[in-house]
Amino acid sequence: MSKEIDKKLQQRNIKPTAMRELVYEVLDKNKKALSLYEIEQQFDNVERSTIFRTLKTFQDNYLIHSIDDGTGAVKYALCDEGCTCAPDDLHVHFLCNKCGQTHCLRDMPVPKMDLPKDFSFESANFVVKGTCSNCK
Ligand SMILES: [Zn+2]
Ligand SMILES: [Zn+2]
């Protein structure tokens with residue numbers, strides 16, 4: 001049991017459980033966004049649906065955000081503290097065409113969105129593609 005992780009979960013009103021701690025740990029130690037499949041690979045004998053439910057709880061409470069980078073698999077990464085995934089909280093993502101990894105560019109906010117009258121915001125994916133520093 002990790003006090004540090006429990007605190008992060010509780011800050012988001014998520015009740016700490018062993019499973020939730022483990023999934024958090026996996027997301028925290030990987031410095032890139034992970035797909036459900038990649039997270040599943042880190043565990044032995046854990047049902048995919050259990051991991052998926054855990055991710056859903058995390059996402060509903062803004063502990064993580066999901067990224068649709070166009071590869072067909074939704075990826076997940078930890079949110080910054082205080083993030084509510086509102087337009088102002090969103091950042092650009094970078095998909096490397098060589099290694100297929102998606103990185104959060106946390107210091108690059110997405111461009112300001114001035115939606116037409118009566119259009120309401122739900123989500124945005126801003127994905128830049130290229131070659132990452134590891135593949136250079
Ligand atoms: Zn790369
Ligand atoms: Zn991100």
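If you chain together hydrophobic residues whose side chains sit under 4.5 Å apart, Leu90 and Val127 never meet in one group. Under a hydrophobic clustering in which Ile, Leu, Val, Met, Phe, Trp and Tyr are joined whenever their side-chain heavy atoms come within less than 4.5 Å, directly or via other members, Ile67 and Phe121 fall into different clusters.
Atom-to-atom distance recorded for Glu38:CD and Asn30:CG is 8.0 Å, nearest 0.5 angstrom. Taking CZ from Arg53 and OG1 from Thr57, the interatomic distance works out to 8.5 Å, rounded to the nearest 0.5 Å. To the nearest 0.5 angstrom, Cys85 atom SG is 6.5 Å from Tyr62 atom OH. Annotation: the span from Thr131 atom OG1 to Lys136 atom NZ amounts to 5.5 Å, rounded to 0.5 Å. The structure places OG1 of Thr102 at 10.0 Å from CG of Asp68, a figure rounded to the nearest 0.5 Å. Atom OG1 of residue Thr84 and atom CZ of residue Arg12 lie 8.0 Å apart, to the nearest 0.5 angstrom.
Within a 6.0 Å sphere centred on CG of Asp107, heavy atoms belonging to other residues, nucleotides or ligands number 12 at most. In this structure, Met113 places its CE atom where more than 12 heavy-atom neighbours from other residues, nucleotides or ligands lie under 6.0 Å away.
Paired with Glu81 under the rule salt bridge (Lys or Arg N to Asp or Glu O under 4.0 Å), one option of Arg106, Lys8, Lys7 passes, and it is Lys8. Evaluated for a side-chain hydrogen bond (donor to acceptor under 3.5 Å, both in side chains) with Asp69, the options Lys75, Lys129, His103, Gln101 yield exactly one hit, Lys75.
Hydrophobic clustering, defined by side-chain heavy atoms of Ile, Leu, Val, Met, Phe, Trp and Tyr closer than 4.5 Å, groups Leu55 together with Ile5, Leu9, Ile14, Met19, Leu22, Val23, Tyr24, Val26, Leu27, Leu34, Leu36, Ile39, Phe43, Val46, Ile51, Phe52, Phe58, Leu63, Ile64, Val74, Tyr76, Leu78.
Contact check for Lys98 versus Cys132: no side-chain heavy atoms found under the 4.5 Å cut-off.
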Report the C-alpha separation of Val92 and Phe94 in whole Å, then their side-chain angles, then the decisive distance to 0.1 Å, and conclude whether the side-chain contact (heavy atoms from CB on, under 4.5 Å) test is met. CA-CA 7 Å; Val92 171; Phe94 187 94; 5.9 Å; no
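His65 and His91 have perpendicular rings, their planes meeting at more than 60° on a 0 to 90° scale where under 30° would count as parallel.
Residues satisfying the side chain to side chain contact (heavy atoms under 4.5 Å, CB included) criterion with Lys31, sequence neighbours excluded, are Asp28.
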